Amino acid sequence: MSKLDTHQFAPLLKSKMSPESYRKLIALENEELFAFVGEFTEHCEPDSVYMCDDSDEDAEYIRQHSLLKGEEKPLTKAGQTIHYDGYNDQGRAPGATKNLVSKELVPLMGALLAKERNEGLAEVRQVMKGIMKGKQAIVKLSCEGPTRSPFSIACAQITDSFYVAHSEDLLYRRGYEHFRLMAPGERFFRFVHSAGRLDEHGNSVDLENRRIYQDMEDYIVMSANNQYAGNSVGLKKHAMRLAIKLAGTEGWLCEHMFVMSVQNEKKGRSTCFCGAFPSGCGKTATAMLPGEKIIGDDIAYFRNVNGEFRAVNVENGIFGIIKDVNAVDDPLIFKTLQTPGLEIIFSNVLTGPDNEPYWLGMGVDHPAKGWSYSGEWFEGKTDDKGVPIPHAHGNARYTLRLGYLENIDPAYNDKNGVPVQGIIYGGRDSDTSVPIEESLDWKSGIILKACTLESETTSAVIGKEGVLAPQPMANLDFISYPIGAYITNNIRFGEGIANAPRIYAVNYFLRDAKGNFLTNKLAKKVWLHWAELRIHNEVDAYRTPLGFIPRYEDLKALFAEIFQEEFSEELYRELFKFRIDPWIAKISRAVRFYHHSAPDCPEEYFEIWKSTAHKLTALKERYGHFIEPGTYSEK
Ligand code: SPV
Ligand code: MN
């Protein structure tokens, strides 16, 4: 007999769980976990509770029940399924998302979706009272980062959605064994999710009661009346917000970054880069560059491991945007999505009469009718305002295990992570930033490259698309403690490590006066290989007011070597001229943003932005509006 058998929740859990499920729960001898499952079973009132361990049988149970309940449907190719979120539940919902913090902290949170904790807890508990009636709750344990590693964070999810549990099985490492080996009292993140009341298609109906409330003191997230994975899957963006807060408290970093390695075959060298890009700025395309290797596409933890700046991909899979994945632009993912026998969940794409998935930008003709995120779909279908409804949603996704990808870096499971040598901040503008620039040092990289990132809003977030919004570290939606303190933690972490990575800013979207892109999509491979050579001290660079840019001859050699292509000096000069006025404007927008949205931002950072803007203004007298590459000097 376990001492948990006398716990206050033991009789309730025994009555709701099969003997086998109950046995799996108490075998962990984890009182906090037992109390968590008990408390929310009492509160959410599921009919029954199913406890998973790490077995394939339990994974199969979840897969089967997702099909039985209609949360997923099988597609023609073996292993593939389709899941639909409700018509108005196709992206993250910032309006319903709150970081619950103490009263004292609320005024410092600025742009960060904060709510007073006690008020928020009372509200979300009210919404979740009895919300799982008539359903089975699943308890699934997982681990963020490799298990039993310096990076691991154990996570417990309770959900009444088999699709959510299935997604977590594809995206994260199973964590039951990890829990079994945990020391008593070791911290874990806790997530409760309910899709709430469902309509005849199995979609959440009470969207006005959608809540995604993250308790930043107890590291619990409660998510109700939604299904889209960015709102429902605890281990993804909810855990990210909790980890950012925990990292800020403990002095490490959780960043919205891919992890990949650039392969220098000539030198037999693999160099790891991490990169933060707001949505729609080339993040996945960079992480998946042909010829390089991927470790992760979305979230990285950074820790100082024995004096080294090391990273892991938190996840074990990809929840990727499927729009524009086609044989030309994304051949590796496209091929994986066409391979029968792989366990892949498609979401919010069209399924045709052939029961195959069709998405936007697939490069293949789609059928004139079928089923989609708007229900029965036919060519010419419009919404109630007469606006055409496309056959698939712009934020439709695929979910798969990373191990399916041919270009996976074998280091992706290393418990000590990989040593990071370059960090990339990727923006999107047509007329301001050069394709690649190396920062002077870590701190100026954070203040001038990471903090000044901007992007246009995209369909990953519900709301208006195409609005220019500041995006500090491409992380604004996820920073969960005051922005000034977050920036300071970033600076301190890098400065505390002797060999911190170099920081690069990239921009793949410069255009000419007619609006045409100045470079093709694969040119980014050259910029990355230039950064790789810089890191290994094999190329020189020209100084600019904000850092270092490539010399023409080095890029010419790389274009020739990688693409057997001519790279003209004329194009080089156009791409790499320093554009003074747009940069002054960009810095002014940053100052305005931090002034209004980051009440705790230290004066010192404003001084850096302002003195940089003054310096640039003064440079106009010497150079005019543009500084030609190679002509700038500090004196
Ligand atoms: C993002 O929008 O940054 C994503 C997708 O990675 S979501 O999981 O919805 O956040
Ligand atoms: Mn993301």
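The analysis underlying the following values was restricted to heavy atoms, covering all of them including side chains, and did not include hydrogens, waters or symmetry mates. When a ligand or atom number is given, it counts from 1 through the structure's own listing order. Model, not experiment: these values are computed from the prediction.
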Atoms of ligand 1 under 4.0 Å from any heavy atom of Asp298, numbered from 1 in the order shown, are 6 (O)
Note: ligand 1 atoms sitting under 4.0 Å from heavy atoms of Tyr228 are 5 (C), 7 (S), 9 (O)
Donor + acceptor pair across side chains of Asn209, Asn225 (<3.5 Å)
no
For Glu406, does the CD atom have more than 12 heavy-atom neighbours from other residues, nucleotides or ligands under 6.0 Å away?
no
One finds that the ligand 1 atoms under 4.0 Å from a non-hydrogen atom of His256 are 3 (O)
A student checking ligand 1 against Arg92 at a 4.0 Å heavy-atom cut-off should list atoms 1 (C), 2 (O), 3 (O), 7 (S), 9 (O), 10 (O)
Passes side chain to side chain contact (heavy atoms under 4.5 Å, CB included), Asp297 versus Glu315? Steps please.
CA-CA 9 Å; Asp297 82 320; Glu315 305 182 284; 4.2 Å; yes
If we number the atoms of ligand 1 from 1 as shown, the ones under 4.0 Å from a heavy atom of Lys237 are 1 (C), 3 (O), 4 (C), 5 (C), 6 (O), 7 (S), 8 (O), 10 (O)
Distance col, row Ile447:CD1 vs Ser439:OG, nearest 0.5 angstrom, shows 11.5 Å
A student checking ligand 1 against Phe319 at a 4.0 Å heavy-atom cut-off should list atoms 8 (O)
Legend entry - salt bridge (charged side-chain N to carboxylate O under 4.0 Å, His left out) between Lys449 and Glu437, worked out: CA-CA 9 Å; Lys449 308 270 189 276; Glu437 184 176 44; 3.2 Å; yes
Judged by heavy atoms only, the candidate from Lys236, His238, Arg397 nearest atom 8 (O) of ligand 1 is Lys236
Angle subtended at the Mn ion (ligand 2) by Lys237 NZ and Asp298 OD1, to the nearest 10 degrees, is 120°
key: Check ion pair Lys283-Asp298 (N to O, under 4.0 angstrom)   = yes
